[in-house]
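Written below as structure tokens is the structure these notes are about.
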Amino acid sequence: MSSRRSRSRQTTSSRNITDDQIHDLVSKLQQLLPEIRNRTSDKASASRVLQETCNYIRNLHREVDDLSERLSELLATTDTAQAAIIRNLLMQ
């Protein structure tokens, strides 16, 4: 076997994630998600955790969009000096 093939196989095998690592990552996600973390039931399935993660991220995106829109409206209704102060605070 050529050294190039050997290196390729080593790189591929080092990128593989074990079942234990997947379980650990799903458990960590589960602890971060308010919807699952606040439930009294035992552990959720990995697919449920991933589904809840996607839903949570979508909700966060919606909140960011809403807050950005509200901030834009606020900046449009304030005077120039106040808007500059708010922009400076946001940049910090």
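Following chains of ILVMFWY side-chain contacts shorter than 4.5 Å, one can reach L90 starting from L74, so the two form part of one hydrophobic cluster. Under the 4.5 Å side-chain heavy-atom criterion for ILVMFWY residues, a single connected hydrophobic cluster contains both L50 and I17. V64 and Y56 fall into different hydrophobic clusters, where Ile, Leu, Val, Met, Phe, Trp and Tyr are joined by side-chain heavy atoms under 4.5 Å apart, directly or via other members.
Residues D24 and D20 form no side-chain contact, since every pair of their non-hydrogen atoms from C-beta on lies 4.5 Å or further apart. Side-chain contact between H61 and R58: absent, with no pair of heavy atoms (C-beta onward) separated by less than 4.5 Å. Within the 4.5 Å cutoff, side-chain heavy atoms of Q82 are placed close to those of D79. Counting heavy atoms from C-beta on, the side chains of I86 and L71 come closer than 4.5 Å.
Among all heavy-atom pairs drawn from L33 and V49, the shortest one is CD1-O, 3.6 Å.
The CD atom of E52 sits 10.0 Å away from the CD atom of Q30 when rounded to the nearest 0.5 Å. Put simply, SG on C54 and CG on N59 are 11.5 Å apart, with the number rounded to the nearest 0.5 Å. With values rounded to the nearest 0.5 angstrom, E63 atom CD is found 11.5 Å from S68 atom OG.
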Is there a side-chain contact (heavy atoms from CB on, under 4.5 Å) between Q51 and N55? Walk through the geometry before answering. CA-CA 6 Å; Q51 183 180 21; N55 291 339; 4.1 Å; yes

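Heavy atoms from other residues, nucleotides or ligands lying under 6.0 Å from CG of D19 number 12 at most.
Q21 places a side-chain N or O within 3.5 Å of a backbone atom of T18 that can act as its donor or acceptor partner.
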